[in-house]
Amino acid sequence: MIRNLIGVFGVVLVMMLGLTAYHAASVNSMAEQPVPFFHWEDTTGTSTVTDAIQARSFLPVRKRRINFGYTESAHWFRFRLVADSLPVELSFEIRNHTIDRLELFEQKNGRIISLGKTGSRLPFARRPSPTKTFVYLLTLAAGQSADYYLRLDKRHENLATELTLWQTSDFEDKEQREYFLWGIFAGVAGLVVLLAFLFYAATRDPVYGCFGLYILALTLRQFADTGLGFQYLWPGLPALNQPDALTQAIWLYVPAMLQFQQYFLDLRTESRPVFWATQLLKSGFWSLFVGLMVCQVLGLTESYAGANRLIRLIHTVMLTGIYPVFIAVIVVGLRSSDVVKRVYAVGVGIQLTGQVFVVAQNLMSSRSGGVFFVDAYLILLVNFFIDLVVFSYLLAYRYRQSLDEERRLQLSLAQTQQHTNEAIIDVLEFERQQVGSLLRTNVTGRLTDTRALLSGLAPAPLLTEAVDLIGKTDAGLDQILRDSLPPDLIQKGLPTA
């Protein structure tokens, strides 16, 4: 059964990877609209759209992906669309679902209108299109032209974004495939969580329960990192996005991972110092998670100006402290005599390498013009599949071992019971022999003496009957001592005999 489940799981993963590759190739073949963008930095953060229209400081945007690093300014972008002989219908996508506030203005026919104000600090229902990123639908009739002004506000944080104009049909096709892939991802993760809890119910081994909670927390972390969490899990609670939903998702998933490592590697026995280090970090992350949730619900993260910087400082310190602990956990696993634990340690090492790469990229991207090699969530998605494939196989292997051990224990118990029964039979046989010896020595001898004594007396009917009865009793007793029943008992039954 376990082998079949792992086989089905592997087929699903291969199919998902194939669909992902097909989707990536299809997106690359889609032509983006060659519309030039211009940028203006509003250092005051208070300029209106009228000020932006009158501004003469717009500079051309030369990179597809724009990274301002840490910023204390609002940023404006301008572009122009012209519909010649055919009407135009485009989807304007602003990537980075963590932008606090943004608003798009349209200047057409001498009028300025807002196409919608949205952002991570506003309810999801305020979005102009129900997608995980920010998307505006732009339409122009034939012969029309319009200027568009986009205001991005993510002050006192790192700001990076990517502006793309898609043909609406291409964008919808792209989004449908992406959501289909994320649906498969959620289904696979849900299947692993369900199997983990089923294994826990069958074995009562806390490793499986902790693994299920860990995968659940890791899935939540992926959803928070891609914007799907805000879209489907907490659309009416934008306070949870302040400063970033990813922060509390990490503060939730790290304790789950540490809890799993404690049970899987048996850190309490294998290495007490590492166990107490993980215990301290686990308690710290749990406390921070609960404290942050309380502050978000009370609105303290929104009203306190320095909340973002303080939370990010705490986040940086905690993550810096966890890497030495992870390295120590890897060392404990590699030193184990259990091959399953050694393989797990290798998997954690690969994950840690990916995490270090993400941290290095984040440090570079915190500066204006910093380099992006790849989206962080893609690296973490690879780590996630390492978790699903490697760790699920290891837990399935552990489950098979537990079943084999249970069978060995049952066989050992049956053998022990058999030996116990044989010993009881031997004791009973020894006692029977002792009783038989006593009967032969005492009762049989006395019956023989009594019969000899009565036989020497003068004959009489009652005396003869008594001698015959003593003879029958002696013969019946002899039958019992040879494990046979007396003839009268066989022929007449117990009451009559």
Side-chain angles (χ1 to χ4, degrees), residues 16 20 96-98 120 124 132-133 158 178-179 181-194 196 209-235 237-261 278 281-282 284-293 296 311-312 314-316 318-323 325-326 329 347-348 350-359 361-362 374-392:
M16 186 172 181
T20 303
N96 188 350
H97 63 278
T98 64
S120 64
F124 188 84
K132 59 185 182 297
T133 56
N158 295 334
E178 283 188 8
Y179 278 91
L181 289 172
W182 281 114
I184 296 178
F185 169 83
V188 171
L191 175 63
V192 173
V193 172
L194 177 62
C210 292
F211 180 72
L213 293 175
Y214 165 58
I215 293 297
L216 200 60
L218 192 54
T219 304
L220 178 62
R221 184 223 179 284
Q222 289 298 109
F223 282 176
D225 199 17
T226 56
L228 292 169
F230 187 37
Q231 182 175 0
Y232 292 109
L233 301 180
W234 58 89
L237 295 173
L240 299 183
N241 298 328
Q242 174 63 21
D244 187 352
L246 180 61
T247 300
Q248 61 256 43
I250 292 176
W251 290 0
L252 178 64
Y253 121 83
V254 169
M257 183 177 186
L258 293 174
Q259 183 75 24
F260 171 70
Q261 290 174 346
T278 57
L281 280 173
K282 184 177 68 175
F285 274 107
W286 271 117
S287 302
L288 288 172
F289 172 77
V290 174
L292 179 58
M293 292 287 290
Q296 288 172 331
I311 292 172
R312 294 185 185 282
I314 295 174
H315 184 66
T316 302
M318 293 297 293
L319 289 184
T320 302
I322 204 172
Y323 285 108
V325 176
F326 277 164
V329 168
V348 175
I350 296 174
Q351 283 189 310
L352 188 62
T353 303
Q355 294 284 359
V356 171
F357 181 83
V358 171
V359 170
Q361 181 173 262
N362 289 340
V374 65
D375 286 326
Y377 81 89
L378 293 177
I379 299 174
L380 299 174
L381 193 61
V382 173
N383 284 348
F384 185 88
F385 279 112
I386 291 174
D387 283 335
L388 292 184
V389 176
V390 178
F391 300 162
S392 297

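We number each residue from 1, following the sequence as shown. Predicted, not measured: the structure shown is a model, and the values here were computed from it.
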Give a yes or no answer on whether the side chain of His97 reaches the backbone of Ala224 with a donor-acceptor pair at less than 3.5 Å. yes
So, does Gln296 use its side chain to make a donor-acceptor pair with the main chain of Gln242 at under 3.5 Å? yes
Describe, in one word, how the ring planes of [X] and [Y] are oriented to each other, choosing from parallel (under 30°), tilted (30 to 60°) and perpendicular (over 60°).
X: Trp286; Y: Phe289; result: perpendicular
X: Tyr253; Y: Tyr214; result: parallel
X: Phe211; Y: Phe260; result: tilted

Taking the six-membered ring for Trp and the single ring otherwise, decide whether the centroids of Tyr179 and Trp182 are under 6.0 Å apart. no
Nearest-0.5 Å distance, [atom1] of residue [X] to [atom2] of residue [Y]:
X: Leu240; Y: Met293; atom1: CG; atom2: CE; answer: 5.0 Å
X: Leu213; Y: Met257; atom1: CG; atom2: CE; answer: 14.5 Å
X: Leu319; Y: Thr247; atom1: CG; atom2: OG1; answer: 9.0 Å
X: Leu220; Y: Gln248; atom1: CG; atom2: CD; answer: 8.5 Å
X: Lys132; Y: Phe223; atom1: NZ; atom2: CZ; answer: 11.0 Å
X: Leu252; Y: Leu288; atom1: CG; atom2: CG; answer: 12.5 Å

Nearest heavy-atom pair of [X] and [Y]: which atoms, and what distance?
X: Pro235; Y: Leu233; result: CD-C, 3.4 Å
X: Phe124; Y: Phe230; result: N-CZ, 3.5 Å
X: Pro243; Y: Arg312; result: O-NH2, 3.9 Å
X: Met318; Y: Gly284; result: CE-C, 4.2 Å
X: Thr98; Y: Ser120; result: O-OG, 3.4 Å
X: Leu258; Y: Thr278; result: CD1-O, 3.8 Å

So do the side chains of Asp244 and His315 get within less than 4.5 Å of each other, counting heavy atoms only? no
Using the rule side chain to side chain contact (heavy atoms under 4.5 Å, CB included), only one of Val290, Ile311, Leu246 pairs with Trp251; which is it? Ile311
